[in-house]
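Working notes for the structure below.
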Protein chains: 2
Amino acid sequence: MIDIARLAGVSPMTVSRAFKDDGRVSDTARAAVMQAADQLGYVFDSTASALRSQRSDFVAVTIPSINNANFADTVRGLSDGLRARGLQILLGYTDYDVQAEETLIAQLLRRRPEAMVVTGGTHTDRARALLDKAAIPVVEIWDLPARPIGHVVGFSNAAAMGMLVDHLVGQGRRRIAFIGGDAARDTRGTDRRRGFVAAMRRHGLDATRLIDAGAPPISMAEGAAAMAELLARLPDTDAVVCVSDLSAFGALSECQRRGVAVPDRVAIAGFGDYEIAAICVPPLTTVNPFPGRIGAQAAALILQALDGTLPDPALIGITPQLMTRASTGS
Amino acid sequence: MIDIARLAGVSPMTVSRAFKDDGRVSDTARAAVMQAADQLGYVFDSTASALRSQRSDFVAVTIPSINNANFADTVRGLSDGLRARGLQILLGYTDYDVQAEETLIAQLLRRRPEAMVVTGGTHTDRARALLDKAAIPVVEIWDLPARPIGHVVGFSNAAAMGMLVDHLVGQGRRRIAFIGGDAARDTRGTDRRRGFVAAMRRHGLDATRLIDAGAPPISMAEGAAAMAELLARLPDTDAVVCVSDLSAFGALSECQRRGVAVPDRVAIAGFGDYEIAAICVPPLTTVNPFPGRIGAQAAALILQALDGTLPDPALIGITPQLMTRASTGS
DNA sequence: TTGAAAGCGCTAACAT
DNA sequence: ATGTTAGCGCTTTCAA
């Protein structure tokens with residue numbers, strides 16, 4: 001920067017201002033600076049800027065998996081909303097593990113992000129303590145935490161699952177099963193299972209048809225294997241709700257391989273409204289939690305919080321939408 | 001850090017060494033430092049560390065889309081390979097646009113990454129110049145660039161597509177169509193189209209059945225629409241190759257909706273070996289380019305380059321594997 | 001094994 | 001609109 005200042009015939013401070021789009025720089029000075037910078041092949045050093053100004057322009061984000069279209073949509077919503085303010089996303093994934101999340105959060109905080117977005121409302125005590133002490137805006141997404149850390153943009157996974165059960169019961173189904181993952185890890189998956197059980201009981205139905213499909217995330221193949229197990233163990237099942245559209249599609253494919261008619265003999269519903277749900281044959285009934293909107297809202301909250309125009313913790317509830325399709329009825 | 005030093009009764013330098021796992025710190029000193037740090041709720045500041053040591057511990061990565069299982073697998077391979085050395089990934093996506101890639105690269109370089117991984121071998125001149133001047137290891141992945149910038153871990157998209165055409169011809173198919181995206185943007189998609197045309201000509205077959213499905217990435221829905229167009233315009237087509245498994249699955253679904261038998265009347269092949277290809281009914285013939293392996297190899301190259309044990313630009317060719325499944329024959 | 005001094009490249013704060 | 005001074009929180013370098 002000193003070299004540029006010399007070449008442009010100004011002080012380093014003017015160079016700094018020129019790069020910051022600071023209004024109080026003359027057009028001539030700015031032009032001279034930019035030309036000198038170009039000539040010298042100068043690349044601005046955000047590291048030094050971040051240290052001196054104590055503004056990293058980072059927003060840290062943790063998601064369970066980078067390989068998931070729903071979370072990708074959320075990240076895109078976040079990214080688009082934050083880019084306008086020059087904020088960059090520092091992304092990490094937790095593999096659906098709160099211990100890994102704790103380690104990740106600790107590591108991300110070292111980069112001095114200006115805000116932090118974490119997926120889910122369940123964290124280790126130390127992770128909570130770290131976030132508290134960081135004294136930056138925190139947004140929990142994709143969940144409605146019992147004890148929020150800061151702001152929240154989410155929905156009740158249990159209630160959303162209840163919508164699906166209500167729909168199936170309305171379609172005349174009674175012997176409904178749930179295909180999901182290992183309860184201990186994926187907390188959103190566990191909430192969905194809990195929501196399933198609660199809704200079934202509310203309808204006075206048996207809520208014991210629970211198939212454990214393995215560790216989250218449940219793949220299509222695991223969904224298929226779970227369906228095979230279900231058809232073998234409880235052949236009179238007339239509907240299945242799956243923890244995600246991906247496992248639901250796996251279940252559907254298994255029915256197709258076995259010549260089990262969907263929805264005539266078994267109805268199938270998923271969760272997430274992934275693209276496949278709308279396009280497979282028959283298309284899958286599911287719930288759309290508007291992942292992109294979650295990201296956009298979280299970004300908006302962060303901008304407000306950084307502006308200081310958000311005095312109190314915000315709780316933004318997203319209302320998931322039931323997408324009724326042919327896999328659960330005519 | 002000064003506060004910790006005071007509390008632990010050592011110098012700031014010892015605190016720094018304790019956090020760096022520097023061997024030349026006594027166990028007693030380290031323990032005292034860690035206890036003091038814990039007590040004060042200290043979080044190490046990577047920004048200052050990066051500025052002084054000129055080591056950011058970042059590796060910047062650009063991918064076309066964050067919402068793509070293949071690229072997600074590559075990022076995971078990279079991430080896993082780099083984490084062992086304490087290197088963190090700084091991820092950006094280009095939306096399949098070389099102009100956006102240029103902007104992104106410029107922005108990422110401001111963070112002073114220690115290496116850069118870019119997807120594809122086509123870039124703007126300025127992007128190339130920026131990477132050259134950055135004087136850091138550069139790895140181009142998912143392609144075999146005509147004029148590599150630095151290291152390469154990739155494969156020939158054209159040749160991989162040729163494998164699919166050869167297979168279809170071997171199955172007795174002759175009137176083969178290609179479903180792909182707008183040629184101007186997705187360079188890997190364009191290479192695949194080129195590979196299709198070349199292979200068809202090699203077999204002495206007509207290579208004009210090219211359906212443009214829109215701007216990349218081609219969705220399942222766009223694949224379905226393209227299939228509908230194909231069946232209407234060129235109903236005697238006996239095989240289709242799609243630019244990706246996702247569009248191929250869309251095409252398959254369209255056939256199912258129309259009662260067009262796959263593979264009996266039309267064979268369908270995709271690209272990428274996404275999970276859906278193995279599990280849909282019938283499963284899709286495709287090509288597996290080993291996305292995770294690409295990431296792992298790129299990570300390995302970067303570590304070697306940073307160690308200085310990689311004097312010359314490396315070119316690591318990945319051999320994609322043809323996955324023959326029922327969608328193209330019995 | 002530990003410490004003291006200096007400085008990484010920027011920008012806040014103040015001055016003009 | 002521009003310049004001067006000092007310093008962000010670490011680590012390099014040198015010394016003990």
Side-chain angles (χ1 to χ4, degrees), chain A residues 1-37 40-58 86 88 106-107 109-114 133-136, chain B residues 1-34 36-37 40-58 86 88 106-114 133-136:
Chain A
M1 207 174 244
I2 292 174
D3 297 338
I4 296 171
R6 201 169 298 148
L7 187 57
V10 297
S11 76
M13 199 56 232
T14 301
V15 178
S16 173
R17 291 196 178 105
F19 271 93
K20 277 271 147 1
D21 292 324
D22 191 309
R24 300 159 314 187
V25 180
S26 68
D27 289 348
T28 39
R30 171 172 289 121
V33 166
M34 290 310 171
Q35 204 222 303
L40 296 178
Y42 168 77
V43 176
F44 182 87
D45 189 330
S46 301
T47 307
S49 171
L51 177 61
R52 173 64 244 222
S53 65
Q54 300 292 72
R55 301 185 5 91
S56 64
D57 290 340
F58 273 136
Q88 203 170 350
Q107 200 187 335
L109 287 175
R110 293 178 151 217
R111 301 279 183 188
R112 293 292 185 270
E114 305 193 20
K133 269 188 305 219
I136 54 175
Chain B
M1 207 173 241
I2 292 175
D3 297 338
I4 296 172
R6 201 169 298 149
L7 187 58
V10 296
S11 75
M13 201 53 237
T14 301
V15 178
S16 172
R17 291 195 178 105
F19 272 93
K20 276 272 151 348
D21 292 324
D22 191 309
R24 299 159 314 187
V25 180
S26 67
D27 290 348
T28 39
R30 170 171 289 120
V33 166
M34 290 311 172
L40 296 178
Y42 169 77
V43 176
F44 182 88
D45 189 331
S46 301
T47 307
S49 170
L51 176 60
R52 175 64 245 221
S53 65
Q54 301 291 75
R55 300 185 4 92
S56 63
D57 290 341
F58 273 135
Q88 203 169 350
Q107 199 188 335
L108 290 170
L109 287 176
R110 294 177 150 216
R111 301 279 183 187
R112 295 291 184 270
E114 305 193 21
K133 270 188 306 218
I136 54 175

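Quick note: numbers below take in every heavy atom, side chains included, and nothing from hydrogens, waters or symmetry partners. Chain naming here is simple, since letters A, B, ... match the order of the sequence lines and numbering starts at 1 in each.
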Value in whole Å for how far the P atom of dC8(C) lies from CZ of Arg110(B): 21 Å
Kindly indicate whether a cation-pi arrangement holds for Arg110(B) with Phe19(A), taking the cut-offs as under 6.0 Å to the six-membered ring centre and within 45° of the axis. no
Evaluate the criterion side chain to side chain contact (heavy atoms under 4.5 Å, CB included) for residue pair Ser49(B) and Lys20(B); output intermediate values, then yes/no. CA-CA 10 Å; Ser49(B) 170; Lys20(B) 276 272 151 348; 3.9 Å; yes
Backbone N or O of Ala50(B) within a donor-acceptor pair of the Ser56(B) side chain at under 3.5 Å? no
Within the 4.0 Å limit for protein heavy atoms, which parts of nucleotides 8-16 of chain D are touched? Write it as a string from 5' to 3', B for base, S for sugar-phosphate only, - for none. BBBBBB---
Closest heavy-atom contact between Ile136(A) and Glu114(A)? CB-O, 3.5 Å
Tell me whether Arg112(B) forms a cation-pi arrangement with Phe44(A), defined as NZ or CZ under 6.0 Å from the six-membered ring centre and within 45 degrees of its axis. no
